[in-house]
2 protein chains.
Amino acid sequence: MRERLHPEEIQADGAGFLPSLAIDTVIFGFHEGQLKILLLEYKNTNWLALPGGFVRETENLNDAARRVLAERTSLQGIYLEQFYTFGDLDRYDPTPLRAIMSAHGLNYSDHHWLLRRFVSVGYYALVDFTKAVPVPDLLADRCDWYDLANLPPLMQDHQKIVQKALDTLRIELDRKLIGFNLLSETFTMADLQRLYETILGQKLHRSGFQRKMLSLEILERLDKQYSGGAHKAPYLYRFAFDKKPE
Amino acid sequence: MRERLHPEEIQADGAGFLPSLAIDTVIFGFHEGQLKILLLEYKNTNWLALPGGFVRETENLNDAARRVLAERTSLQGIYLEQFYTFGDLDRYDPTPLRAIMSAHGLNYSDHHWLLRRFVSVGYYALVDFTKAVPVPDLLADRCDWYDLANLPPLMQDHQKIVQKALDTLRIELDRKLIGFNLLSETFTMADLQRLYETILGQKLHRSGFQRKMLSLEILERLDKQYSGGAHKAPYLYRFAFDKKPE
DNA sequence: TATTATTGTCACAATTTGTTACAATAATAA
DNA sequence: TTATTATTGTAACAAATTGTGACAATAATA
């Protein structure tokens, strides 16, 4: 169970965290043929933002990202990759954050640590949509899935971060274990193909796709079969971690 | 001409720079069949380190990397890519740096900003070995090329950073304009092949390699030919920036 | 029991990659 | 001057991979 933080903790001057450095996570899910990401909605504003956080002084950078991911999804052991570090000056605009904090009744000077410039390390995570339980952070009142294909405007440079995450996802799709981590434990070949098509934004040939996936030798075919359609029942597959480690 | 910094500047408490954040650059060159990287050797110690630096408060992260690269090589407009951000706790070991500063007659408490924990953004650069003019930084007395195949021990986690840079280089070799940026303005197909073989650590077939490179349509064949060997003179090629932008 | 949609797999074509072969040629040796 | 040598540019063919369509199998529905 996650422990809710209290606004007082924001008032501390960043003690215990590395200054200047933040983490932003693009948390991908897949549901009903749509790629989705988790976004936070801030109280009394229209601002939407990527789940983020800061790095504790006694914490590895990658562990901080895992912590942020776990706090927002209630999930452990999720596929997580660092993909880029964003450090442009023009990403530093305290206006939205000041508005959000103001909506919480918090008014700080521009020297407050949260209103200073941050360099942000971007991570993307791949989660089973059906397993994640979105949890807002202490400044947000909602944490929900949004269709990647129809994103609302995001805070700061978060749109750019999402785009870069998606670019990375496409490039690494056939080099890493990306597809399988977005589906449930078992899935059909058609499920997998729909996912690949959605990520790549293009149709793939069914026959060649099946041949390619099976040739990777990381899929375990299960005896039992899905049923429910007016047609031949497809095999179910499970991703076999042990068969071909990355 | 680069302006030499004075040790007094180190004594300032990091004012003007983002705290906690550093940059390390793996600067690759290629000469006589060997991949090389630039290393700094610190005065009165045996420590070798990657060229690095810090990010000014009014400077883009990527610009800071470009600045570090320009300061060490005297070159502008070089191929430079961010590849990973290193933030493990165990990379923070002030012992070597304290020894180096002590060798300069500088003795600081553990609270000095240079002795605190840093998260470091890694960049790799590809430079024309014959054009770079290595320049030491203010704590080093030498800046020289070292064979990647025969590296001496490096400071902190710099060995790991180099390895990750090389891994990235290999993965991106046929996806980005990597090879061409390590050679002189003009080169033969054999030059290019030797470079690819060195980066990948394996032999390639001459015929297939030539066919592949020409099919990329980013090489411009020059009329004039190299001469000097007891055999047919090879064409010279030039990388054509405009033909197929990335 | 026939119809329908989808599945698993095969077969063949098209393309790409791996490999060998061979003529061309610039320097050197005879 | 001519033969030798090493390397180059390219063609030719083989092997492997990928693209594409076809077809029988089959689970629900009509």
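Numbers restart at 1 for each chain; the letters A, B, ... are given by sequence-line order, proteins then strands. Given the structure is predicted, the values throughout are model-derived calculations rather than measurements.
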Between [X] ([atom1]) and [N] ([atom2]), how many Å, whole number?
| X | N | atom1 | atom2 | answer |
| --- | --- | --- | --- | --- |
| A:M213 | C:dT9 | CE | P | 16 Å |
| B:F209 | D:dT8 | CZ | P | 12 Å |
| B:L204 | C:dT19 | CG | C1' | 14 Å |
| A:F187 | C:dT7 | CZ | P | 15 Å |
| B:D191 | D:dT7 | CG | P | 14 Å |
| A:H231 | C:dG8 | NE2 | C1' | 14 Å |

Step by step, would you call A:F118 with A:F54 a ring-ring contact (aromatic ring centres under 6.0 Å, His included)?
-> CA-CA 10 Å; A:F118 281 95; A:F54 305 101; 5.2 Å; yes

Check B:L166, B:L173, B:D174 against B:R170 for a side chain to side chain contact (heavy atoms under 4.5 Å, CB included) and give me the one that passes.
->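 Exactly one option meets the side chain to side chain contact (heavy atoms under 4.5 Å, CB included) with B:R170, and it is B:L166.
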
Can you spot which of A:N62, A:L50, A:V26, A:I27 makes a side chain to side chain contact (heavy atoms under 4.5 Å, CB included) with A:Y123?
-> A:N62

Reading nucleotides 9-18 of chain D 5' to 3', which nucleotides get B (base under 4.0 Å from a protein heavy atom), which S (sugar-phosphate only), which -?
-> BBBB-----B

Which class fits the ring pair B:H31 and B:F129: parallel under 30°, tilted 30 to 60°, perpendicular over 60°?
->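 Parallel: the ring planes of B:H31 and B:F129 meet at under 30°.
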
How are the rings of B:Y196 and B:F209 set to each other: parallel, tilted or perpendicular (split at 30° and 60°)?
->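 Perpendicular.
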
Partner of A:K160 under salt bridge (Lys or Arg N to Asp or Glu O under 4.0 Å), chosen from A:D90, A:D88, A:D24, A:D167 |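 Answer after filtering A:D90, A:D88, A:D24, A:D167: A:D88.
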
Heavy-atom closest pair (B:L40 atom, B:R72 atom, distance to 0.1 Å) is CD2-CD, 4.0 Å

Within 45 degrees of the axis of the six-membered ring of A:Y237 and under 6.0 Å from its centre: does A:R221 put its NZ or CZ there?
-> no

Starting at the 5' end of DNA chain D, what dot-bracket string do you get if Watson-Crick and G-U pairs under 3.5 Å are bracketed, crossing pairs use [ ], other-strand pairs use | and unpaired bases use dots?
-> ||||||||||||||||||||||||||||||

Using a cut-off of strictly less than 4.0 Å, decide whether A:H205 has a side-chain nitrogen or oxygen near OP1 or OP2 of D:dT20.
-> yes

